[in-house]
Amino acid sequence: MQLELQLPEEVTPSTRATEPTDSCAPEADASAPSPGTRRPGGRTARTRAAVRDAVLAGLTEHGYPGLTVEYVAAHSGVHKTTLYRRWGDIEGMVADALDLAGEDSWVPPDTGSLDGDLRALAREVVESFNDQAVAASVSAMIAAAFQSERAAIALRAYYTERFARCETIVERAVARGELPTGAEPGPGRTIDAGSLVRSVAAPLFFRLFTTREPVDVALADQSAAAAVAAARAGVFGVGSAHAARNGS
C-alpha cells in the first residue's frame with residue numbers, strides 16, 4: 001500500500017545542491033500553489049519538484065524547526081525571492097511538497113479477492129517503510145504536521161486522497177459477493193469502505209510511529225486478515241457504531 005510520499009527520485013540531504021538561480025527570469029505561473037491544485041508540466045513543474053525534493057531532504061536532515069528558506073534555495077536551485085513569492089514561507093513549501101507527492105498514478109492491488117487485495121496492500125506498507133530513506137522522509141513529514149497547522153491539513157488531505165483510491169478494493173469485493181451488498185439485514189448492510197481500508201494500515205502505522213516497533217510480512221498478513229474478518233462480521237457497516245452506542 002503506497003501510502004508513503006511518492007517521489008520520482010531518491011531524496012537525500014545532498015539532493016539538488018546547486019547555486020540558486022536568478023529569480024528575475026519569467027515564470028509560467030508565479031502564483032502560490034495550494035494543496036489539491038494540479039499544475040501543468042514544463043518549467044513550473046520542474047521548479048515545484050526541485051523545491052519538494054529540497055523540502056523533504058531538509059525535513060529529514062534538520063527537522064521542521066531547522067528547515068529554512070536558505071536551505072531550500074541552496075538545495076533546489078531556486079532563488080529565495082522566488083520561493084517567497086510563490087510559496088510565502090516554509091509552511092507553504094511543506095504543504096505543497098505533500099500536495100505534489102500525491103500527484104502520481106498509483107492504484108491499489110487487484111488480486112481477484114478481498115483477502116488477496118488487503119494482504120497485498122498491507123505488504124506494500126511494510127515494504128515501503130523497510131526502506132530507510134522512505135521511512136525517514138515520511139517520519140519527518142509527520143513530525144512537521146505536529147508543529148505546523150498547514151502541514152497537518154496537507155498531510156490529512158494527502159492520506160484522505162490515498163485511502164480514497166483504496167476504496168475500489170471494497171467496491172470490487174461487494175460486486176463479487178464477498179461482502180454485504182446492501183440488501184442483507186443487520187448493521188453490515190452498507191460497508192464503510194474508508195474505515196475498512198484504513199483498518200489495514202492502522203496496526204502497522206501504530207507500530208511504526210507510536211511504539212517504534214519493527215513491522216514485517218507476518219504482521220502485514222495479520223492486519224489484513226483481521227480487517228477481512230471484521231468486515232465480514234459487519235464491523236464496518238454504516239450505522240453499526242450508532243447501534244452499538246444505543247445497545248441495539
Side-chain angles (χ1 to χ4, degrees), residues 2-106 128-129 131-162 165:
Q2 294 191 356
L3 296 177
E4 78 279 9
L5 307 181
Q6 298 297 299
L7 307 178
E9 59 187 74
E10 183 179 0
V11 175
T12 66
S14 60
T15 299
R16 300 183 187 276
T18 60
E19 189 67 24
T21 57
D22 185 359
S23 66
C24 295
E27 295 284 348
D29 182 356
S31 62
S34 58
T37 301
R38 294 296 180 261
R39 298 293 188 179
R43 184 166 181 245
T44 299
R46 291 194 298 272
T47 298
R48 284 187 76 201
V51 171
R52 181 272 320 279
D53 289 354
V55 166
L56 292 179
L59 286 174
T60 302
E61 185 176 4
H62 299 295
Y64 183 76
L67 182 62
T68 65
V69 174
E70 289 75 15
Y71 179 98
V72 176
H75 288 74
S76 66
V78 180
H79 200 280
K80 285 196 301 181
T81 55
T82 300
L83 295 174
Y84 281 119
R85 184 175 72 248
R86 294 187 61 190
W87 285 272
D89 53 20
I90 285 295
E91 277 196 312
M93 294 177 212
V94 171
D96 192 53
L98 272 165
D99 185 48
L100 184 56
E103 297 183 13
D104 60 64
S105 58
W106 178 82
S128 297
F129 285 98
D131 181 318
Q132 292 186 350
V134 170
S137 64
V138 177
S139 296
M141 188 63 82
I142 290 175
F146 280 94
Q147 301 171 74
S148 162
E149 181 60 24
R150 286 186 66 185
I153 292 171
L155 185 70
R156 185 159 56 249
Y158 172 85
Y159 278 111
T160 296
E161 193 276 338
R162 185 66 78 199
R165 297 190 200 185

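Computed from heavy atoms alone, side chains included, the values below leave out hydrogens, waters and symmetry copies.
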Colleague: Is any side-chain heavy atom of I90 less than 4.5 Å from a side-chain heavy atom of V69?
Modeller: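 A side-chain contact under 4.5 Å exists here.
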
Colleague: How long is the straight-line distance from NE2 of H75 back to CG of L56, given to the nearest 0.5 Å?
Modeller: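 Reported value, rounded in 0.5 Å steps: 13.0 Å.
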
Colleague: Does H62 reach the main-chain N or O of G58 with its side chain, forming a donor-acceptor pair under 3.5 Å?
Modeller: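 Absent.
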
Colleague: Pair L83, E70 - check side chain to side chain contact (heavy atoms under 4.5 Å, CB included), show working.
Modeller: CA-CA 10 Å; L83 295 174; E70 289 75 15; over 6 Å; no

Colleague: For a 4.5 angstrom cut-off between non-hydrogen side-chain atoms, does R52 reach V55?
Modeller: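 Not touching, per the 4.5 Å side-chain cut-off.
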
Colleague: V94 versus L67: any side-chain heavy-atom pair under 4.5 Å?
Modeller: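 They are in contact (side-chain heavy atoms under 4.5 Å apart), so the answer is yes.
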
Colleague: Taking S76 for the side chain and V72 for the main chain, is one N or O donor matched with an acceptor at less than 3.5 Å?
Modeller: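 A pair under 3.5 Å: yes.
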
Colleague: Any ion pair linking D96 and R150 (charged N to carboxylate O, less than 4.0 Å)?
Modeller: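 No, R150 and D96 are not salt-bridged.
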
Colleague: List the atom of A145, the atom of A152, and the distance in Å for their closest heavy-atom pair.
Modeller: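 Nearest heavy atoms, A145 then A152: O-CB, 3.3 Å.
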
Colleague: Can you tell me how far the CD1 atom of I153 sits from the CD atom of E91, to the nearest 0.5 Å?
Modeller: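 It comes to 9.0 Å.
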
Colleague: With rounding to the nearest 0.5 Å, note down the distance linking CE in M93 to CG in L100.
Modeller: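 Output value for this atom pair is 14.0 Å.
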
Colleague: Can you give me the closest heavy-atom contact between W106 and R165, atom names plus distance?
Modeller: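 Smallest interatomic distance, heavy atoms only, reads O-NH1, 2.8 Å.
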
Colleague: To the nearest 0.5 Å, what is the distance between OG1 on T68 and NZ on K80?
Modeller: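 Nearest 0.5 Å value for the OG1-NZ distance: 8.5 Å.
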
Colleague: Which pair of heavy atoms, one from Y158 and one from L98, lies closest together, and at what distance?
Modeller: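 Smallest interatomic distance, heavy atoms only, reads CD1-O, 3.6 Å.
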
Colleague: Quick one: CH2 on W87 to OG1 on T47, what's the gap to the nearest 0.5 Å?
Modeller: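 Spacing of CH2 (W87) from OG1 (T47) equals 6.0 Å.
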
Colleague: Where the side chain of S137 meets the backbone of V134, is there a donor-acceptor pair that is under 3.5 Å apart?
Modeller: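 It does hold such a pair.
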
Colleague: Is there a side-chain contact between T82 and R85 in this structure, where contact means two heavy atoms from C-beta onward sitting under 4.5 Å apart?
Modeller: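 Yes; the side chains approach each other to less than 4.5 Å.
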
